[in-house]
Number of protein chains: 2
Amino acid sequence: MAENLDATDWAILAELQRDGRVALTELGRRVSLSASAATDRLRRLESLGVITGYRADIDLTKVGYPVLAVVRLKYPGSRHEPLHRLLERRQEVLECLRTTGEDCYTLKVAAGSMAHLERLVDELARFGSTTTNVVYSQTLPYRGPGTPPDEGRP
Amino acid sequence: MAENLDATDWAILAELQRDGRVALTELGRRVSLSASAATDRLRRLESLGVITGYRADIDLTKVGYPVLAVVRLKYPGSRHEPLHRLLERRQEVLECLRTTGEDCYTLKVAAGSMAHLERLVDELARFGSTTTNVVYSQTLPYRGPGTPPDEGRP
DNA sequence: CCGGTCGCCGGGGATCCGCCGGTATATTCC
DNA sequence: GGAATATACCGGCGGATCCCCGGCGACCGG
């Protein structure tokens with residue numbers, strides 16, 4: 001499962017997490033490689049499934065979703081399909097983590113207003129009891145690790 | 001704050017969330033616009049700050065971080081700088097949301113193993129009491145809304 | 001030694017990007 | 001009304017970039 005990445009691969013991954021649209025020529029320059037060598041490595045990372053895609057980061061406030069919240073859902077039943085269908089239909093649900101513990105799901109949702117958030121939570125509450133926390137601020141932008149775990153001294 | 005985006009802008013945003021590395025020519029084709037018109041709109045969205053950046057999505061399991069967890073931290077003090085410094089230094093912390101409620105912070109962390117996660121939680125517990133839930137699965141890949149809030153019928 | 005593999009480099013044609021001018025429609029101002 | 005301005009789009013051109021291919025050197029294993 002560990003795909004045996006060397007330091008150059010990690011440098012490429014780091015660069016692409018910082019600037020996912022960088023030109024291949026420039027990418028090679030940044031990791032001290034020719035453009036074609038960097039491209040070979042990038043294509044390999046893509047075909048191995050290490051890189052699963054590229055996406056633009058959007059300022060949710062500027063597109064009309066200024067309210068961010070974490071909703072935890074305690075779902076007593078075992079039939080999860082109806083919930084999953086709702087989550088897929090509702091684009092306001094940004095992330096859905098199924099976890100251990102009392103609260104089976106931890107969701108990150110965006111809303112246009114408190115009234116909007118209230119409606120979303122009501123809809124989710126049809127499936128179980130919810131706990132909602134509004135987000136003041138998101139300290140870190142989403143990012144990923146830049147080096148292997150180094151389990152000897154993690 | 002709402003930057004007055006029309007349907008074409010939303011189509012561009014949707015396309016870039018699906019494939020952030022699409023060529024401008026192809027982007028124009030996908031939203032039924034010439035390449036230069038699509039480029040103009042994209043640059044406008046970037047300069048308005050609607051698009052804040054581009055990044056590659058990485059399969060954390062394949063790069064040696066198979067364990068994902070949500071850690072909530074109840075932080076009694078008011079001096080947050082030491083905590084923030086730790087969060088910045090620790091690349092295992094993927095996301096940091098400061099929220100309402102008892103648990104001031106909700107963190108999403110990645111680890112190479114349970115032992116690694118244990119160490120991370122121990123480190124965080126120096127700042128307050130923590131609640132940790134391991135993630136079974138991440139149902140939705142990260143995504144954003146594809147249309148304006150439509151608060152009339154949200 | 002020698003054939004095979006691997007990673008990297010460089011070239012050349014096709015494609016794309018960035019910039020410019022031009023057009024059509026709507027708005028504003030005199 | 002009529003003209004000037006603004007906005008959004010298109011198309012084209014030079015230069016940069018991408019994609020594909022062949023070649024080079026290092027590193028095995030026989």
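Computed from a prediction, not measured in an experiment: that's the story for all the values here. Letters A, B, ... mirror the listed sequences (proteins, then strands); counts begin at 1.
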List the residues meeting side chain to side chain donor-acceptor pair (under 3.5 Å) with [X], not counting sequence neighbours, and say none if there are none.
| X | value |
| --- | --- |
| T131(B) | none |
| E88(A) | none |
| Y54(B) | E46(B) |
| T147(B) | Q91(A) |

Return the nearest nucleotide to the side chain of S36(B); candidates are dG10(C), dC9(D), dC19(C).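 The listed nucleotide nearest to S36(B)'s side chain is dC19(C).
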Of all the nucleotides listed (dC9(C), dG18(C), dC10(D)), which has the minimum atom distance to the side chain of T39(B)?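 When the side chain of T39(B) is considered, dG18(C) is the closest of dC9(C), dG18(C), dC10(D).
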What pairs of residues pass the salt bridge (Lys or Arg N to Asp or Glu O under 4.0 Å) test when at least one of them lies in residues 67-78 of chain B, not counting sequence neighbours?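 As it turns out, the salt bridge (Lys or Arg N to Asp or Glu O under 4.0 Å) pairs with a partner in residues 67-78 of chain B, which skip direct neighbours, are R72(B)-D103(B), K74(B)-E102(B).
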List in numerical order all residues of residues 40-55 of chain B for which some heavy atom is under 4.0 Å away from an atom belonging to DNA chain D.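 Correct list: R41(B).
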Whether W10(A) and Y65(B) hold their rings parallel, tilted or perpendicular, with breakpoints at 30° and 60°: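 Rings of W10(A) and Y65(B): perpendicular, over 60°.
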Expected list for residues 22-30 of chain B: side-chain donor-acceptor pairs under 3.5 angstrom, two or more places apart:
unit_1	atom_1	unit_2	atom_2	d
E26(B)	OE1	R29(B)	NH1	2.5
E26(B)	OE2	R30(B)	NE	2.9
R30(B)	NH1	E15(B)	OE2	2.5

Under the rule for salt bridge (Lys or Arg N to Asp or Glu O under 4.0 Å), what residues qualify as partners of [X], not counting sequence neighbours?
| X | value |
| --- | --- |
| R41(A) | D6(A), D9(A) |
| R89(B) | E123(B) |
| D57(A) | R55(B) |

N/O-N/O pairs, protein side and nucleotides 22-25 of chain C side, under 3.5 Å:
none

Contact residues, residues 14-30 of chain B to DNA chain C [heavy atom, < 4.0 Å]: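 Result for residues 14-30 of chain B: A23(B), L24(B), T25(B), sorted by number.
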